[in-house]
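If you're wondering where the values come from, they're calculated on a predicted model, not measured in any experiment.
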Amino acid sequence: MATRGYWSTSMVDLIRESGVPSSSIYWHFTSKSGVLAAVMERGASAFFASIAAANPGPNQQDPRAALEHMLRQSAVAVADNPSFLALYMNFLLHLEEEPTIQAQVAGVRRQAMETIRAHLAASYATYGQERADRIAERVAPLALAFFDGLFVSLQSSDETDLDQALTDVAHGLHQVAEGIH
């Protein structure tokens, strides 16, 4: 599904690629959308678990250092989960009419925002809980847009200077956070 797309992948393809008997696939998943739901759930769990393992940063007294650490660890999770993210991005960009797909994409997007907000709030905890929460709420959409763009950039080119991109984004997000009172 990640390489061919949802509609171009048949149950026969899934059965052949997985090596699992069709009766087992239909018993456990009932349909192709059931397989998709399971793949998205498992992929999201692995992806967000790898990001959760990155928190907290090495120096919680310096919010910018904590933010950069979070970005770097999250970038590792992006690089480590290309198949899941390719499938997710494909569905995000081409939201299908299939309610199962819409629900899966919306669930992953919510989980991404919650994860980013939690990391941002932890990064700025030294600013006090109320301000850290405001920063997390305002900066999370920008951070998510960065990760979306980073993944597309990494998939489309090997010329992305990841270190420089992470440093620049940490600087930019920190500047935005500093302006939130």
**Message:** Once salt bridge (charged side-chain N to carboxylate O under 4.0 Å, His left out) is applied, do any residues pair with R16, and if so which ones, sequence neighbours excluded?
**Reply:** D13
**Message:** Run the salt bridge (charged side-chain N to carboxylate O under 4.0 Å, His left out) test against E130 and tell me which residues pass, sequence neighbours left out.
**Reply:** R134
**Message:** According to side chain to side chain donor-acceptor pair (under 3.5 Å), who are the partners of T167, at least two apart in sequence or on a separate chain?
**Reply:** E68, R72
**Message:** Test of understanding: with side chain to side chain donor-acceptor pair (under 3.5 Å), list the residues that count as partners of Q164, not counting sequence neighbours.
**Reply:** D168
**Fill in**
Taken to the nearest 0.5 Å, the spacing of H69 NE2 from L67 CG works out to 11.0 Å
Under the side-chain contact (heavy atoms from CB on, under 4.5 Å) test, which residues partner [X], sequence neighbours left out?
X	result
V76	D80
F47	I51, A77, V78, N81, F84, L85
S45	none

**Residue pairs involving residues 32-51 (criterion salt bridge (charged side-chain N to carboxylate O under 4.0 Å, His left out); sequence neighbours excluded)** = none
**Asked** How would you list all residue pairs meeting side-chain hydrogen bond (donor to acceptor under 3.5 Å, both in side chains) that involve residues 106-118, not counting sequence neighbours?
**Response** Y88-R109, R109-D148, R117-E137
**Prompt:** So, for L71 and F147, which heavy atoms are closest and what is the spacing to 0.1 Å?
**Reply:** CD2-CZ, 3.6 Å
**I116 to A143 - nearest heavy-atom pair and separation** = CG2-CB, 3.8 Å
Tabulate below the donor-acceptor pairs under 3.5 Å that side-chain atoms of residues 173-181 make, not counting sequence neighbours, or state none.
| residue | atom | partner | partner atom | Å |
| --- | --- | --- | --- | --- |
| H174 | ND1 | Y124 | OH | 2.6 |
| Q175 | NE2 | H171 | NE2 | 3.4 |
| E178 | OE2 | Y127 | OH | 2.2 |

**Asked** Do the side chain of S74 and the main chain of M70 share a donor and acceptor less than 3.5 angstrom apart?
**Response** yes
